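All remarks here apply to the structure that follows.
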Amino acid sequence: MALRLGLCCLFAAAPVKFRRTTATALARLGRDEQLARLSSLCLENSMTLLAALEECQALGISAFRVMSPLFPLFTHPERGYQLGDLPDHDAIDGKLREVAAFRRSRGMRLSFHPDQFVVLSSPRPPVAASAAAELEYQGVLASLTGADVVNLHLGGVHEGKPESMTRFRHAFAGLTEAVKTRLTLENDDRLYTPADLAPLCRELGIGLVYDVHHHRCNPDGLSVAAATELSLETWRALGREAYFHLSSPKHGWGAKPRPHADYIDFADFPEEWLRLGCAVTVDVEAKAKELAIARLRSDLAGRCQLL
DNA sequence: GCATGTCAAGTTGTG
DNA sequence: CACAACTTGACATGC
C-alpha cells in the first residue's frame, strides 16, 4: 500500500497566501470597477495556486485541497460573475492550464470541498438551487485545474434522513457530468455516518470520503476497519484511489472533541490504514498545516510507503 | 500604523 | 427564542 498525505487549502509557514474581498467592500464600486478588482484577485489567486502546488511538491506533499473562494464571490447573488466577464480572463485561463499541467506531470491529486452552506438536500428550493450553482462553479474549476474530487456533506435532516437522501438523489440527477463524476459524500460529525452514506454512494456511483475523526465524534456501531472498508468499496467500484480525512481533537476526546488540533496525535492514526492493499489519499486537517504533515510523515517513517 | 470587528450562504443544538 | 458552533485568516474600518 501507499499513503498520499494531503494539505488543506492553506500553509502555516510557507509564504503562500490567497486573497479575497467582501461583498460590502465591492458594493461601493461600479460594475466595471468591481469586475476589474475581482479579475485581479482571480488572476493573483490562480498564480498563487500554481505556487501552492510547487510548494507542496518541494515539501513532498502530493495532494492539495483548493479553498472554495479561489475566485472570490463567484456565485454571490449580487456580486457574482462569469469567467468571461473578467478583463484578465485569458491570463486566468492560461494560469489554470499551467496548474492542470503541473498537477498531471507530478501526479498530484487536487480536490475541492464546498463548505457547510452548500446543502443540496435542503427542502427549501432556493437553498438547493444555490447549492447546485455553487457545485457547478466548483465543477468548472475542478475541470480546469484537473481536480477529481468535489467533496460534500449531505446536510441536515429535515423530515428525516431517508427524506433528505431522497432530495439529495433528485438534486444529484440534475447536476452536470462535470460535477456528477467528481462529487463525493463525506460522513459528518453530528448527523450522517458512514453506515448512512455508503448505500447512497453505492447507488449513485460516487465515492464515500471517510473522515475517521467525524466517525469517532458521530459513531454508528461500525469499527474503523469496517467503515474504512465501506469507503474503499465505493472507490474500488470506480477504479479510483480512495479518499480519507484525518484530524485530532484540539481538547482531547472529552466533552468537546470536534474542534481540530494543530497537529495529528499519532495515536489517532488508524493502524488499519497501514495494512491496506491499495494506495489512498489522506487529507490532514490540522491547523499547523504543512508542519503537521511533516510531523506525521516522520511518525509514519518506516511503517508505510508514502506517495 | 495598528488593533479590532467582519465576512454570502445553512443547520443544529445550546444557553 | 436568539445566538454560537462549525473554521479562519485576510481584509476593511476606525482610532
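The structure presented is a predicted model; accordingly, all values stated were derived computationally and were not measured. Throughout, a chain's letter reflects where its sequence line sits, starting with A, and its residues are numbered from 1.
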Subject >> Sequence neighbours excluded - salt bridge (Lys or Arg N to Asp or Glu O under 4.0 Å) pairs with any residue from residues 18-32 of chain A >> reply: A/Arg19-A/Glu44
Original post:
Of A/Thr234, A/Asp283, A/Asn151, which is the lone residue that meets side chain to side chain donor-acceptor pair (under 3.5 Å) with A/Tyr243?
Top reply: A/Asp283
Original post:
Base, sugar-phosphate, or nothing: which does A/Val118 touch, judged by heavy atoms less than 4.0 Å apart?
Top reply: nothing
Original post:
When rounded to the nearest Å, what value does the distance between C1' atoms of B/dT11 and C/dC11 take?
Top reply: 27 Å
Subject >> Between C1' of B/dT11 and NZ of A/Lys161, the distance in whole Å >> reply: 14 Å
Subject >> Lys/Arg N to Asp/Glu carboxylate O, A/Asp148 vs A/Arg109, below 4.0 Å >> reply: yes
Original post:
For residues 46-59 of chain A, which residues have at least one heavy atom under 4.0 Å from DNA chain B?
Top reply: none
Subject >> Neighbours of DNA chain B within residues 165-174 of chain A, by heavy-atom distance under 4.0 Å >> reply: none
**OP:** Check step by step if side chain to side chain donor-acceptor pair (under 3.5 Å) holds for A/His213 and A/Asp189.
**Re:** CA-CA 8 Å; A/His213 182 235; A/Asp189 52 11; over 6 Å; no
Original post:
With the threshold set at 4.0 Å, does a side-chain nitrogen-carboxylate oxygen contact exist between A/Arg65 and A/Glu285?
Top reply: yes
Original post:
Say you draw a straight line from CD of A/Glu55 to CZ of A/Phe64; how long is it, rounded to the nearest 0.5 Å?
Top reply: 10.5 Å
Original post:
Got a second to check how far A/Leu53's CG is from A/Arg103's CZ, nearest 0.5 Å?
Top reply: 9.5 Å
**OP:** Can you tell me the distance, in whole Å, between the CD atom of A/Gln116 and the P atom of B/dC7?
**Re:** 16 Å
Original post:
Who passes side chain to side chain contact (heavy atoms under 4.5 Å, CB included) against A/Thr166, sequence neighbours left out?
Top reply: A/Arg169, A/His170
Original post:
A/Tyr210 vs A/Phe244 aromatic rings, parallel, tilted or perpendicular, using cut-offs 30° and 60°?
Top reply: perpendicular
**OP:** Both distances under 3.5 Å, Watson-Crick or G-U wobble: on that basis, could you give the dot-bracket string for DNA chain C, with [ ] for crossing pairs and | for other-strand partners?
**Re:** ||||||..|||||||
**OP:** Please work out whether the ring planes of A/Tyr137 and A/Phe71 are parallel, tilted or perpendicular, with thresholds of 30° and 60°.
**Re:** tilted
**OP:** Identify which nucleotide among B/dA9, C/dC6, B/dT11 has an atom closest to any side-chain atom of A/Arg124, counting heavy atoms from C-beta outward.
**Re:** B/dT11
**OP:** Compare the minimum distances between each of B/dA8, B/dT11, B/dG10 and the side chain of A/Ala23, then state the nucleotide with the smallest one.
**Re:** B/dA8
Subject >> Pairwise C1' distance for B/dA3 and C/dC6, with rounding to whole Å >> reply: 26 Å
Original post:
Can you tell me how far P of C/dC6 sits from CD of A/Glu186, to the nearest Å?
Top reply: 16 Å
Original post:
Which residue pairs pass the salt bridge (Lys or Arg N to Asp or Glu O under 4.0 Å) test with at least one member in residues 289-303 of chain A, sequence neighbours excluded?
Top reply: none
**OP:** Sticking with atom P, work out how far C/dA12 lies from B/dG10, rounded to a whole angstrom.
**Re:** 23 Å
Original post:
What integer distance in Å separates A/Asn218:CG from C/dC6:P?
Top reply: 14 Å
Subject >> Integer-rounded Å distance: B/dG10 P and A/Asp189 CG >> reply: 19 Å
Original post:
Rounded to the nearest Å, what distance is computed from the CZ atom of residue A/Arg258 to the C1' atom of nucleotide C/dA5?
Top reply: 6 Å
**OP:** Using the C1' atom on both, measure C/dT7 against B/dC2 and round to a whole Å.
**Re:** 25 Å
Subject >> Residue pairs fulfilling side-chain hydrogen bond (donor to acceptor under 3.5 Å, both in side chains) with at least one residue in residues 114-131 of chain A, sequence neighbours excluded >> reply: none
**OP:** Produce a footprint string for nucleotides 8-15 of chain C: one letter per nucleotide, 5' end first; B if the base is under 4.0 Å from any protein heavy atom, S if only the sugar-phosphate is, - if neither.
**Re:** SSSSSS--
Original post:
In chain order, what residues pass the side chain to side chain contact (heavy atoms under 4.5 Å, CB included) check against A/Thr21, with sequence neighbours excluded?
Top reply: A/Ala25, A/Leu26, A/Arg37, A/Leu38, A/Leu41, A/Pro72, A/Leu73
Original post:
From A/Asp188 CG over to A/His215 NE2, what is the distance, rounded to the nearest 0.5 angstrom?
Top reply: 11.5 Å
Original post:
Starting at CG of A/Asp115 and ending at C1' of C/dC6, how long is that distance when rounded to a whole Å?
Top reply: 10 Å
Subject >> C/dT8 versus B/dT4 - spacing of their P atoms, nearest Å >> reply: 23 Å
**OP:** Kindly indicate, with the supporting measurements, whether the criterion side chain to side chain donor-acceptor pair (under 3.5 Å) is fulfilled by A/Glu272 and A/Thr228.
**Re:** CA-CA 8 Å; A/Glu272 293 87 343; A/Thr228 297; over 6 Å; no
**OP:** Could you point out which residue of A/Ile264, A/Leu296, A/Ile61, A/Leu246 forms a side-chain contact (heavy atoms from CB on, under 4.5 Å) with A/Leu5?
**Re:** A/Leu296
Are there any protein N/O atoms within less than 3.5 Å of an N/O atom in nucleotides 13-15 of chain B, and if so, which ones and at what distance?
none

**OP:** State whether A/His158 places a side-chain N or O below 4.0 Å from either non-bridging phosphate oxygen (OP1 or OP2) of B/dT12.
**Re:** yes
Original post:
Would A/Glu229 and A/Arg236 count as a salt bridge (charged side-chain N to carboxylate O under 4.0 Å, His left out) if you check the C-alpha gap in whole Å, the side-chain angles of each, and the deciding distance to 0.1 Å?
Top reply: CA-CA 10 Å; A/Glu229 181 52 30; A/Arg236 207 179 287 133; 3.3 Å; yes
Original post:
Hey, can you pull the residues of residues 68-88 of chain A with a non-hydrogen atom under 4.0 angstrom from DNA chain C?
Top reply: none
Original post:
Looking at residues at least two apart in the chain, or sitting in another chain, which of them share a side chain to side chain contact (heavy atoms under 4.5 Å, CB included) with A/Ala131?
Top reply: A/Val118, A/Leu120
**OP:** Look at the side-chain heavy atoms of Ile, Leu, Val, Met, Phe, Trp and Tyr, link any pair under 4.5 Å apart, and say whether A/Leu238 and A/Leu110 land in one connected group.
**Re:** no
Subject >> Gap between atom OG of A/Ser111 and atom CD of A/Gln138 - 0.5 Å precision >> reply: 10.0 Å
**OP:** To the nearest Å, give me how far apart OH (A/Tyr137) and P (B/dA8) are.
**Re:** 14 Å
Subject >> C1'-based separation of C/dC1 from B/dA9 [nearest Å] >> reply: 22 Å
